[in-house]
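All remarks here apply to the structure that follows.
Hydrogens, waters and symmetry mates play no part in the numbers below; they use all other heavy atoms, side chains included.
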Amino acid sequence: AVADHLGVDRFVPVGHSLGGAIGAHLAVEHPDRVHAVVEVDAAYALPPWNVDWWEAGRARWRAQQAGRPVGAEPELPRSAVTPAFLVTWVARGMEAMDPAVLWAVYEGLADGPERMFVASLEADAYLRRRSCPVLSIHSLPGRAQWESALFQHPASHALEWEGSSHYLHIERYRELAAVMTSWLDALRDDMAGVVETAGTA
């Protein structure tokens, strides 16, 4: 809807966490509109410990809705390199969000037919449907190798940034900008070559 409003036919969604999952969803569901996608520590096919944190939060919210006693709020997942200010910043952002909106979005990812949020065969099959170039950057070990096996386009690339937290787009924003623009520039040059070749054929 936003692209239509702006008069943009094809675009490159760039997203972190939930935004990365939305980018993947757009690439699958609207392949005619998405030229490429950049996904930064995207919230899909997540490991069990991460899913457990979200499930504990959802259980707590459901108990509140039903007027039942609730347990302690689960601690926000963080790595050893997560700056303290980021933990506070994220917590405040979540507190400011309407919980009904937050959990509706979560349920769409976790409970939908493709089960994108949870590491599963369904999530892998869904992500394999991304036919466009994908650049994905991960903070967790093993994720880049796993996702590389799902790519369909030869220009797709997955990276792992060891020593980063989930908020690597804030911690290493200059490096992210450099990697992303270099990759997009290469895609643009490749596409220009294809168009030029097609025009002279």
Please walk me through it: do Asp9 and Arg33 pass side chain to side chain contact (heavy atoms under 4.5 Å, CB included)? CA-CA 6 Å; Asp9 182 40; Arg33 305 293 300 274; 3.9 Å; yes

May I ask you to test the His166-His16 pair for a side-chain heavy-atom distance under 4.5 Å? yes

Min side-chain heavy-atom separation His25-Tyr126 under 4.5 Å: yes

If I compare all heavy atoms of Ala21 with all of Ala42, which pair ends up nearest, and what's the gap? N-CB, 3.9 Å

Please round to the nearest 0.5 Å and tell me the distance separating atom CG of Leu140 and atom CG of Leu46. 8.0 Å

Taking the side chain as every heavy atom from C-beta outward, state whether Ile22 and Pro13 have any atom pair closer than 4.5 Å. no

State, with a plain yes or no, whether a side-chain heavy atom of Tyr44 is found less than 4.5 Å away from one of Glu147. yes

Side-chain contact test, heavy atoms from C-beta onward, threshold under 4.5 Å: evaluate it for Trp161 versus Asp41 and give yes or no. no

Parallel, tilted or perpendicular: which fits the ring planes of Tyr167 and His169, with parallel below 30° and perpendicular above 60°? tilted

When you measure from the side chain of Arg128 to the backbone N and O of Phe151, does any donor-acceptor pair fall under 3.5 Å? no

Please determine whether a side-chain nitrogen of the Lys or Arg among Arg58 and Glu55 lies less than 4.0 Å from a carboxylate oxygen of the Asp or Glu. yes

Measuring from atom OG of Ser136 to atom NE2 of His157, what distance do you get when rounded to the nearest 0.5 angstrom? 8.5 Å

Check the hydrophobic clustering (I, L, V, M, F, W, Y; side-chain heavy atoms under 4.5 Å; chains of links allowed) and say if Val51 and Leu121 are grouped together. no

Distance-only polar pair, side chains of Trp146 and Asp124, donor-acceptor under 3.5 Å: yes

Considering all heavy atoms, the nearest Val37-Ala24 contact: CG2-N, 4.3 Å

Close side-chain approach of Arg130 to Gln152, heavy-atom, < 4.5 Å: no

What's the separation between atom OG in Ser131 and atom CG in Asp32, rounded to the nearest 0.5 Å? 9.5 Å

Any non-hydrogen side-chain atom of Val38 less than 4.5 Å from a side-chain atom of Trp183? yes

Gln145 CD: over 12 foreign heavy atoms closer than 6.0 Å: no

Would Val8 and Arg10 satisfy side chain to side chain contact (heavy atoms under 4.5 Å, CB included), going step by step from the backbone distance to the final call? CA-CA 6 Å; Val8 176; Arg10 301 190 75 205; 5.9 Å; no

Would you please test Phe11 and Leu26 for side chain to side chain contact (heavy atoms under 4.5 Å, CB included) and show each step? CA-CA 10 Å; Phe11 50 90; Leu26 286 168; 4.3 Å; yes

Decide yes or no for Val40 and Leu168: does some side-chain heavy atom of the first lie under 4.5 Å from some side-chain heavy atom of the second? yes

Can you tell whether the side chains of Arg143 and Glu39 come within less than 4.0 Å, N to carboxylate O? no

